[in-house]
Amino acid sequence: MTSREAARELLREFPVVDGHNDLPWALREHVRYDLDARDIAADQSAHLHTDIPRLRAGGVGAQYWSVYVRTDSPDPVAATLEQIDCVRQLLTRHPEDLRPARTAADMEAARGEGRIASLMGAEGGHSIANSLGTLRGLYGLGVRYMTLTHNDNVDWADSATDEPKAGGLTAFGREVVREMNRLGMLVDLSHVAATTMRDALDASSAPVIFSHSSARAVCDHPRNVPDDVLERLPANGGLAMVTFVPKFVLQAAVDWTAAADENMRAHGFHHLDTTAEAMKVHHAFEERHPRPVATVATVADHLDHMREVAGVDHLGIGGDYDGTAFTPDGLADVSGYPNLLAELLERGWSKADLAKLTWKNAVRVLDAAEDVARGLQATRAPSNATLESLDASAG
């Protein structure tokens, strides 16, 4: 049996839980949620990284769909609700393949049925507009993690890619973490500054996750996780889900991406824009300046390092498909996960290790967060604290 055949066999029993996929945002940007125009029951490889046939080919058994909205959205709460509605429409259209999931038990039920468990994650604390009531509302609608920031700071937490302001988490930011713990919503530390990571680990009584981040020691990008934070995951019980984004995993791609992003801005596009017009600008730049290419081995290097520092019980996968313009060779879309597992098998990872990486760790972490929430709900009422009441400098 080849390593790829062995990978496929393992995925039939322990499919991939992917921590982050931006399909809802791509559907918003490309076709304004016209799901007939991008019917994911059919091959959408000309337009998207994601569709049901390729999810099946990739051995995906659970997906956290990102309900991301941009930080400059004029009404981020309404836009987040529209993103949630998009996920709900997808679930209604494709019930044979996609199963709504809110709990670890739901994930296991979906696996038993041969369906893809579909969870949601909000990407950026701007989606709650400084309101713990809104946070609870998102949880009630099925959101099971929130990334504390996106690329810009929020009033109560510093981002990895913005100028430091809070120095990590403010008092209100710590209250957001505590309320997420009380709800059973996972605290996602992708995108946040290292100071915020450390403050959140100090404040959280439940396991945290990194839904789509890699190792800073392997690729020195602020979106990645420093070793001292990885070292804290065993005590916390949390999970770092390696991402595939070339500019986060390949050092040579970091400088190239900075130049490509500046070129996008010079042509009047947001650097994260993946519409057809924006991609023409991207591709023209790439023709002039060949892009450094990440590979499956590049991603495996991160996992090898993260395993050494955090341990295999604290690793997962978060590809960031449909949220990045470029992908590594061998991981072009959601069908590529068997290639990564085959590479890891060839590096000596056992099948037991890979079962933890793909499925078991992610299910355990959500189950643990639910358990912590049950205990907290017995002793704590919902918090009605405000930014202004806890942060003296607010307003």
Side-chain angles (χ1 to χ4, degrees), residues 18-22 24-25 63-71 73 76-84 86-87 101-103 118-160 166 168-170 172-193 196-197 199-201 203-213 223 236 238-241 243 316 318 320 323 362 365-366 368-370 372-373 376 382-383 385 387:
D18 184 277
H20 194 88
N21 184 301
D22 277 301
W25 182 256
Q63 180 66 67
Y64 279 94
W65 301 109
S66 175
V67 292
Y68 157 80
V69 299
R70 280 172 51 164
T71 56
S73 297
V77 176
T80 301
L81 293 177
E82 290 172 353
Q83 289 282 86
I84 291 170
C86 175
V87 174
R102 297 187 175 205
T103 65
S118 291
L119 306 100
M120 289 183 283
E123 190 176 15
H126 58 289
S127 288
I128 65 168
N130 299 333
S131 164
L132 296 180
T134 300
L135 176 72
R136 289 189 287 273
L138 295 185
Y139 182 83
L141 291 171
V143 173
R144 287 301 177 264
Y145 73 65
M146 184 175 73
T147 320
L148 298 186
T149 74
H150 190 245
N151 288 337
D152 301 307
N153 298 338
V154 293
D155 290 331
W156 41 271
D158 283 347
S159 167
L169 286 176
T170 68
F172 183 74
R174 291 189 291 275
E175 187 71 359
V176 170
V177 168
R178 286 190 288 266
E179 188 63 10
M180 291 173 73
N181 290 167
R182 194 194 66 82
L183 288 168
M185 183 186 288
L186 292 165
V187 176
D188 178 18
L189 301 180
S190 286
H191 279 288
V192 308
T196 306
M197 296 176 194
D199 283 355
L201 281 162
S204 183
S205 56
V208 304
I209 66 165
F210 293 83
S211 67
H212 57 309
S213 294
R223 272 283 283 103
N236 167 263
L239 187 64
M241 308 178 90
T243 195
D320 202 10
V365 165
L366 184 56
E370 294 166 15
V372 169
L376 291 174
S383 173
L387 181 76

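If you're wondering where the values come from, they're calculated on a predicted model, not measured in any experiment. Heavy-atom basis, side chains included; hydrogens, waters and symmetry copies ignored.
The OG atom of S190 sits 8.0 Å away from atom CD of E123, with the distance rounded to the nearest 0.5 Å. To the nearest 0.5 Å, atom CE of residue M180 and atom CG of residue L148 are 5.5 Å apart. One finds the CG atom of L387 at 5.5 Å from the CG atom of D155 (value rounded to the nearest 0.5 Å). Rounding to the nearest 0.5 Å gives a distance of 9.0 Å between CE of M120 and CG of L138. Of the inter-residue distances, the one linking F210 atom CZ with M197 atom CE reads 4.5 Å to the nearest 0.5 angstrom. Taken to the nearest 0.5 Å, the SG atom of C86 stands 13.0 Å off from the CG atom of L81.
The side chain to side chain donor-acceptor pair (under 3.5 Å) with S204 is formed by just one residue from the set N236, N181, D199; it is N181. Residue H191 is tested with T147, N151, T149 for a side chain to side chain donor-acceptor pair (under 3.5 Å); the sole match is N151.
The closest side-chain heavy-atom distance from M185 to M146 is below 4.5 Å. Looking only at side-chain heavy atoms (C-beta outward), D152 and S159 stay at 4.5 Å or farther from each other. Between I84 and V143, some side-chain heavy-atom pair lies under the 4.5 Å cut-off. Using a 4.5 Å heavy-atom cutoff, the side chains of E175 and W156 are not in contact. Under the 4.5 Å side-chain criterion, counting only non-hydrogen atoms from C-beta, R223 is in contact with H212. The closest side-chain heavy-atom distance from L186 to R144 is not below 4.5 Å.
In terms of modelled atom types and a separation under 3.5 Å, the side chain of R136 and the main chain of S383 share a donor-acceptor contact. Under the 3.5 Å distance criterion, the side-chain polar atoms of E370 are left unmatched by any main-chain donor or acceptor of G184. With hydrogens and angles disregarded, no donor-acceptor distance shorter than 3.5 Å links the side chain of N21 to the backbone of W65. Formation of a donor-acceptor pair under 3.5 Å by the T196 side chain with backbone atoms of D158 is found in this model. A donor-acceptor pair under 3.5 Å links the side-chain atoms of Q63 to the main chain of D18, judged by distance alone. One N or O on the side chain of R174 and one on the backbone of L169 form a donor-acceptor pair closer than 3.5 Å.
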| task | Could you check L201 against V208 for side-chain contact (heavy atoms from CB on, under 4.5 Å), going step by step and ending with a plain yes or no? | result | CA-CA 7 Å; L201 281 162; V208 304; 3.8 Å; yes

| request: Step by step, work out the side-chain contact (heavy atoms from CB on, under 4.5 Å) result for I209 and L366. | output: CA-CA 10 Å; I209 66 165; L366 184 56; over 6 Å; no

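Contact detail for L239 and G316: the closest heavy-atom pair is CD1-N, 3.7 Å. Nearest heavy-atom pair across R178 and A203 is CG-O, 4.3 Å. The two atoms that bring T243 and G318 nearest to each other are OG1-O, 3.0 Å, heavy atoms only. Closest of all the heavy-atom pairs between S127 and P76 is CA-CB, 4.5 Å. When every heavy atom of V372 is checked against every heavy atom of S205, the shortest pair comes out as CG2-O, 3.6 Å. V67 approaches Q83 most closely through the heavy-atom pair CB-CB, 3.6 Å.
Applying the ring pair (Phe, Tyr, Trp, His ring centres under 6.0 Å) rule to Y145 yields the partners Y64; only residues at least two apart in sequence or on another chain are considered.
Between H150 and H126, the ring planes are tilted. Angles from 30° to 60° get that label.
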